[in-house]
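Only one structure is covered here, and it is reproduced in the block below.
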Amino acid sequence: PDCRCYNTVIEGYIERGDLQTAQDILESMEQMADGEGRNATEPSEYTYMLVTQGWADDVKDDFSGKSADQAERVMRRMQERGLPPNVKVWSIVLDGWCKRAGVARIAMSRAEDLLQEMEMALEGNPAAATTTTRLTRKSSKGKDVVNPKSSTDKATTTAPPPNIITYTSFIAGLARSRDRSLARKADATLVRMERAGVTPDVVAYTSVLNCWAKANNRRERELAAARSLRILDEMEKRFARGDYQVKPSLISYATAIRAIGNSMDDDSAQRAEGVL
């Protein structure tokens, strides 16, 4: 059987929720490829992405973030084996942590670390955008096994720059979190997007509006109405200039109304009616 056959079996186990068996098959593919030189069983980028997605989506009862951590470990295995994960895989891992925001205490700090690592690729300094990892893997018995395909024991890997999905996942994670400054952090993420050359779309803007609707400290609630109206105004102006990716949706307007309702503005009722 070749890699495609193994991928089909892995998909089957993931669909039935048996992630550990899917992980074991991935490890056995690595062992066969390394020990026997069977290139046909070398896991592909798709193989790793399947297993990463499976662990990232295993949110139920993952209060400690164990499954999200496993998803990140699978991504790091790709790096160790000289198969640089693309932005989709990185975004899957980051989203896995963001889905656990408000449940696992470390979730957003881990997501922030990943986002910063990806943003380093934008700084124009290759040395700053790379991480050095040992070309080893964990065997099924938990021991480090050196990858025989490598002529050295180290490799330098580079994180890909973040895209719109990466940033939107991060903002959605802030909305799930219990951070006392979640709305202002969401605003700051919009600035980070623009600095990275990523243009916010309607989903990103609406996610920021959702953060203002969930603002949980007095200062942010005082600003919620004014800030939400400015975001809507920015979306409408960009749409009027021909940027159809930011056309406000019904959800955008409804979320802005919720944010205004969450505010401590004395004129919040009139402002909310004005959105209608």
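Given the structure is predicted, the values throughout are model-derived calculations rather than measurements.
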- Message: For a quick test of reading the model, state the closest non-hydrogen atom pair linking N163 to V198 and the distance between them.
- Response: C-CG1, 4.1 Å
- I165 atom CD1, neighbour heavy-atom count above 12 within 6.0 Å: no
- Distance-only donor-acceptor check, side chains Q53 and D57, under 3.5 Å: yes
- Message: Whether the side chain of E42 engages the backbone of A33 through a donor-acceptor N/O pair (distance < 3.5 Å, no angle test) should be reported.
- Response: no
- Message: Please find the pair of heavy atoms, one from P162 and one from L115, that lie closest to each other, and give the distance.
- Response: CB-CD1, 4.0 Å
- Item | Flag for T166-S91: side-chain donor and acceptor within less than 3.5 Å | yes
- Do you know the tightest heavy-atom contact between P160 and N86? CG-C, 3.8 Å
- Query: Do T47 and N7 have side-chain atoms, one donor and one acceptor, less than 3.5 Å apart?
  - Reply: yes
- Aromatic Y205 / basic R238 pairing, under 6.0 angstrom, 45° off normal: no
- Of the non-hydrogen atoms in G65 and A104, which two are nearest, and what is the gap between them? N-CB, 3.9 Å
- Query: From S228 OG over to I257 CD1, what is the distance, rounded to the nearest 0.5 angstrom?
  - Reply: 10.5 Å
- Query: Is the closest side-chain donor-acceptor distance between S249 and S252 under 3.5 Å?
  - Reply: yes
- Message: How long is the straight-line distance from OH of Y13 back to CD of Q20, given to the nearest 0.5 Å?
- Response: 12.5 Å
- Query: Mind checking whether E220 and S181 have side chains closer than 4.5 Å, heavy atoms only?
  - Reply: yes
- Task: Assess the side chains of R76 and Q79: does a donor N or O sit below 3.5 Å from an acceptor N or O?
- Result: yes
- Is the shortest heavy-atom distance from the side chain of L182 to the side chain of N217 under 4.5 Å? no
- Message: Quick one, D233 with K237, criterion salt bridge (charged side-chain N to carboxylate O under 4.0 Å, His left out). Give me CA distance, side-chain angles, the key distance, then yes/no.
- Response: CA-CA 6 Å; D233 184 60; K237 285 181 178 178; 3.2 Å; yes
- Message: Using the rule that Ile, Leu, Val, Met, Phe, Trp and Tyr join whenever any side-chain heavy atoms are under 4.5 Å apart, tell me whether V103 and I171 fall into a single cluster.
- Response: no
- Query: What do you reckon, is CD1 of I106 surrounded by more than 12 foreign heavy atoms closer than 6.0 Å?
  - Reply: yes
- Rounded to the nearest 0.5 angstrom, the CD-CD1 distance for Q23 and I14 is 9.5 Å
- Task: Work out which heavy atom in A56 is nearest to a heavy atom in K99; give both atom names and the distance.
- Result: O-CD, 4.2 Å
- Does the side chain of R258 pick up a donor-acceptor pair with the side chain of N210 at under 3.5 Å? yes
- Query: E11 and Y46: side-chain donor and acceptor closer than 3.5 Å?
  - Reply: yes
- Message: Walk me through whether F63 and D61 qualify under side chain to side chain contact (heavy atoms under 4.5 Å, CB included).
- Response: CA-CA 5 Å; F63 302 112; D61 298 328; 3.8 Å; yes
- Message: Counting C-beta onward and ignoring hydrogens, is there a side-chain heavy-atom pair between P43 and E30 closer than 4.5 Å?
- Response: yes
- Query: Which one of E112, M108, E72 satisfies the side-chain contact (heavy atoms from CB on, under 4.5 Å) criterion with W97?
  - Reply: E72
- Is the count of non-hydrogen atoms from other residues, nucleotides or ligands lying under 6.0 Å from Q245 atom CD greater than 12? no
